Every structure is written in C-alpha cells, then in structure tokens.
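In the text below, chain A, chain B and the rest are named by the order of the sequence lines, each starting its count at 1. Nothing here was measured: the structure is a model prediction, and the numbers come from that model.
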2 protein chains.
Amino acid sequence: MPGSDSARKLTPREFKRKKILRAAIEVFARDGYFSARMTDVAKAADVADGTLYLYFDGKEHLLLSVFDDALERFIDQLKQEMERLDDPLAKLKVMVRLHLEALGRDRALAHVLQIETRHSRKFMRLLSRGKLGEYLSLLNDIVKEGQDLGSFRRDVNTGLATNVIFGAVDELVNRWLLADEPGDLTQYQGPLLKMLFQGIVPCEFHEGAAG
Amino acid sequence: MPGSDSARKLTPREFKRKKILRAAIEVFARDGYFSARMTDVAKAADVADGTLYLYFDGKEHLLLSVFDDALERFIDQLKQEMERLDDPLAKLKVMVRLHLEALGRDRALAHVLQIETRHSRKFMRLLSRGKLGEYLSLLNDIVKEGQDLGSFRRDVNTGLATNVIFGAVDELVNRWLLADEPGDLTQYQGPLLKMLFQGIVPCEFHEGAAG
DNA sequence: TCCAGATGAATGAACGCTCATTCATAGTTT
DNA sequence: AAACTATGAATGAGCGTTCATTCATCTGGA
C-alpha cells in the first residue's frame, strides 16, 4: 500500500513540498500569518516566489496545508498507538499525552496551529470540516466508549465532555504559547488529566454542587 | 463619584464613541477583522472615514477598544453580582452563567471576542495583560478561595484549574459560534458546571484513574 | 438682539505603500 | 527537442491613513 507508509523515501516533489511547508511554519510563526510575506516564505524555503504557486494554490491554501499536514500525521500516530489499547481511560491518557508532546516539541508549529489558523470564522469552519473534525470525532468516540463501558459518567452529555476535554487541552497549550518562560508542556499532563477525571469538587460534596 | 456610574447620561462624545464601537463589532463580525475596511465601519457608524481617527488611534486600536470595553462592562457586572455571595461554588456558577449570558445574547460581539481578537500572538499578549488578565485573575481568586475553604480540591494546581475552567467555557462558546444552528448558549451552563465539578470519572474509580 | 470672529469637530478625496500573484524566460531532465 | 520545472522582476488592486477644507456652534462686543 504505497502512500500510506510515512517512512518511505520521498519523491523530489514531495521533498520540496515538505520544505516549503516547514518554511511556512517558521515564517508564519515568526511574523504572524497576515504580516508574513510570501516572498519571505520562499526565501526561507530557498525557492523562488513563483515556485510556491507550483505547489500550493495561494497563501491561504498554504496555511491550510500546514494545518492538515500536521494533523494528518498526528491522527495517524494516534490511531496507531491506540490499536493496542482497550481501556478508554488509557486511550484518553494517550491522546492527551500525544497532543501535548506533539505541540510541546515544535513551538512554531504549535503557534501556527493554535493562533494563526484561527483568524476567521470562515477559516475555522474549514478546519472543523477537515482534519480537525476527524480529530474531535476520535476524541468523541473514546468518550462514548468509556460511557458505554461505565468507566466514564453516563450523566454528562458526550459532546459536551468532548468539548470540555478539548477546550482544556487547547487552552493549556495557548497559555504555554503566551508564557514568557515556557517550561515543558508535557509536565501538565498528569495534573490536567486528574482534574478532567475527578473534577474540582471533592466527591463527598457532589450532591449539592451541580445543577 | 461621577464617571463610575454606568447608567448616567452619555456626553455626545461618549455617545458617538459607543456608536463607532458598535459599528465596529458588526462589521468585524460580518467581514472578519482583516477583510473589514475602515470605510465600512465608518459607513455603519454613519460617520466619515476621518472621524474614526478622532476617536481611535487606528484599526488595531479600534479592535482593542471593542475588546476592552466589552470586558470592562462584564467585569463590573461580575464584581457587583459577586459582592452578595460568599460561597466560591456559587461564585463560580454565577461567573459561568454571566459569561454564557453575555456572549449568548450578542453573537456578533462573541464572534469578535472569540475569533477576531485572536489573530496574532502579539495581540493576544496585549489582551492578556489587559482586561482579560483581570478576568482570569478574578477566576483564579475564586478557585483559590474555594481551595482554602475546602469546597474545592486542594490537590489540583490553582492555575491549572483556572485554565481548565476557562478553556472549557471558551471552547463551548467557540463551538456555539461555529455551529450551523446555534441554540441558546446558556442551556449548557448546568451540564458544563457538573462536568467541571465532578469530572468525567465516577468517584468510585478515582484511585486508579489519575496519574 | 445682532453680527464678526473664533473654535474644533467632521468630512472624504487622494495619497502612498504593501504585497499576492503572474508570466516571459531560463534551466534541466528524458 | 520536447516536456517539465523553476525563476524573480513586474504588476496592479486594495486599503489604512492623512489633511486641507467645510460648517455648526459658541463667544462677546455693540
């Protein structure tokens, strides 16, 4: 099944494509998407201005490609790692870990994914209907499975729980991006999961707390 | 103390300022911040192009003003409503309710606050250091107070809990904004709080879940 | 009451600059 | 010698901002 093996040799064309994508990440992260000039992306990729348009349909399509390319790799990895797991709780842990690891290791990419790709409603909808939707759907499946098996509460709406989990992780990454002295992003994995699993109110007070 | 009473009569200048701010919200929400033209904001405010610059220092400052103005009103209301409350749990409920109500009632404003103001790292830092920081600090205080009083778990980092709560609410609003048929935003208030308070894992499984 | 002069808020046409994109040309491979 | 790929200078539309000018309102002297 050639094409699905991510470790195979790249064709020259694929190689240059990747090189441009990487350059775009660096430049978009450094200057911001709107301030960034295509000329600078070309320069960073060591390629002529016009060449960009032989690989991408324009600036916006380049940004979209950065996003989808990154998420595709991430989703593949996620699926692969989850194959060996049955426990939804363990799956959720892995998902959060991979999410934090992937972004924690590449700050420029994180910046582009978290901030630059969210510049308009129109663009965000585009993302939601693409790879991001696939990712959220994966998360939703885990939550649903956990509820079916009884390891997650059944009395919270599945979609809402998905939303809370994603929102929490997403905001954590945002704060890490905005921090003046960002530490290791993955250090929060444990505490974050603890809070998501157990909530903020001790069990003995649960009756009066909600509602 | 004239000037702090939000219900007093507006001077002509204040009135026109508000009119421009409202127009900016509508136009930024409709076209997106970057696509929006100052000319169109002026048109929507029923004012000449140049007039905008008698009230604001430029396009970016106008966007910032929209944000700060909205948050200032929100924070004032929040402080006022919280004065009568002692219980941190109740305070948190009020905070989430007001947050969802304020945005749920004004979709254009929500759009601008959630999406258009987050177009760059630089701008987001500006927000964080201003009114948004004040808001987060308020939330952080509530969490801390709850932990001191024992109504919130002490074994979760205060800042992280603040982050999770804000992230969850924020993402909920985002999904509402992106939805094709958005319902009433406030309907999620109860379930959201329940999940934040109690977590996703039933109490009896807490031992093995975290970590 | 009337008017001359002063004030500054408001106007909107025009400016000037910034890029995303194009395409005629050049190079490279088969 | 075709076919494919790359180049980068030139283009021109788009738009934030400016500023010379207008005009409604106010002031105070007669």
Side-chain angles (χ1 to χ4, degrees), chain A residues 9-68 112 115-117 119-123 126, chain B residues 9-68 112 115-117 119-123 126:
Chain A
K9 245 187 174 176
L10 297 174
T11 66
R13 183 172 173 85
E14 283 170 333
F15 182 79
K16 189 165 276 189
R17 192 189 127 94
K18 291 278 182 202
K19 206 167 80 166
I20 294 174
L21 282 174
R22 187 65 226 172
I25 291 170
E26 302 294 344
V27 174
F28 288 167
R30 191 190 63 205
D31 301 336
Y33 173 69
F34 284 101
S35 301
R37 290 168 301 160
M38 290 297 267
T39 292
D40 289 331
V41 174
K43 209 165 291 167
D46 207 20
V47 138
D49 293 11
T51 306
L52 299 180
Y53 295 86
L54 299 175
Y55 288 82
F56 302 96
D57 292 337
K59 194 183 184 186
E60 184 150 291
H61 180 239
L62 178 54
L63 180 63
L64 182 63
S65 300
V66 166
F67 189 92
D68 274 0
V112 175
I115 301 178
E116 305 304 330
T117 54
H119 59 82
S120 74
R121 204 177 99 107
K122 182 180 127 285
F123 201 79
L126 207 60
Chain B
K9 245 186 172 176
L10 297 175
T11 66
R13 184 173 173 85
E14 284 170 333
F15 181 78
K16 189 163 277 190
R17 192 190 126 93
K18 292 277 183 203
K19 205 167 81 165
I20 295 175
L21 282 175
R22 187 65 226 172
I25 291 170
E26 302 295 343
V27 175
F28 288 167
R30 192 191 62 207
D31 301 338
Y33 173 69
F34 283 100
S35 301
R37 288 170 303 156
M38 289 298 267
T39 294
D40 290 331
V41 175
K43 210 164 290 168
D46 207 20
V47 137
D49 292 12
T51 306
L52 299 181
Y53 296 86
L54 299 175
Y55 288 82
F56 302 96
D57 292 338
K59 195 183 184 186
E60 184 150 294
H61 180 239
L62 178 55
L63 179 63
L64 183 63
S65 300
V66 166
F67 190 92
D68 275 1
V112 175
I115 300 178
E116 305 304 329
T117 56
H119 59 82
S120 74
R121 206 178 98 109
K122 180 181 130 286
F123 201 79
L126 207 61

Original post:
What is the nucleic acid contact for B:Tyr55, judged by heavy atoms within less than 4.0 Å: base, sugar-phosphate only, or nothing?
Top reply: sugar-phosphate
Original post:
Base, sugar-phosphate, or nothing: which does A:Lys43 touch, judged by heavy atoms less than 4.0 Å apart?
Top reply: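 The answer is nothing, as A:Lys43 stays clear of every strand by at least 4.0 Å.
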Original post:
What nucleotide, of C:dT11, D:dT18, C:dT22, holds the atom closest to the side chain of A:Tyr53?
Top reply: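 Given the options C:dT11, D:dT18, C:dT22, the side chain of A:Tyr53 is closest to C:dT22.
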Subject >> Nearest-nucleotide pick for B:Thr51, side chain only, options being D:dA6, C:dT11, C:dC19 >> reply: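 Among D:dA6, C:dT11, C:dC19, the one nearest the side chain of B:Thr51 is C:dT11.
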**OP:** For A:Lys16 and A:Thr51, work out which heavy atoms get closest and say how close.
**Re:** CD-CG2, 4.5 Å
Could you give the [atom1]-to-[atom2] distance, from [X] to [N], as a whole number of Å?
{"X": "A:Phe34", "N": "C:dT18", "atom1": "CZ", "atom2": "P", "result": "18 Å"}
{"X": "A:Lys59", "N": "C:dA20", "atom1": "NZ", "atom2": "C1'", "result": "8 Å"}
{"X": "A:Lys19", "N": "D:dA6", "atom1": "NZ", "atom2": "C1'", "result": "12 Å"}
{"X": "B:Met38", "N": "C:dT11", "atom1": "CE", "atom2": "P", "result": "14 Å"}
{"X": "B:Phe56", "N": "D:dT17", "atom1": "CZ", "atom2": "P", "result": "13 Å"}
{"X": "A:Asp49", "N": "C:dC19", "atom1": "CG", "atom2": "P", "result": "13 Å"}
{"X": "A:Arg13", "N": "D:dC4", "atom1": "CZ", "atom2": "P", "result": "12 Å"}
{"X": "B:Asp40", "N": "C:dG12", "atom1": "CG", "atom2": "P", "result": "15 Å"}

Original post:
Can you check whether B:Lys16 has a side-chain N or O nearer than 4.0 Å to OP1 or OP2 of C:dA10?
Top reply: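 The answer is yes; a side-chain N or O of B:Lys16 sits under 4.0 Å from OP1 or OP2.
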Original post:
Does a side-chain N-to-carboxylate-O contact under 4.0 Å join A:Glu14 and A:Lys18?
Top reply: no
Subject >> Exceeds 12 heavy-atom contacts within 6.0 angstrom, atom CZ of A:Phe15 >> reply: no
**OP:** Verify, without hydrogens or angle tests, whether A:Ser65 (side chain) and A:His61 (backbone) share a donor-acceptor contact under 3.5 angstrom.
**Re:**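 Yes; at least one donor-acceptor contact below 3.5 Å.
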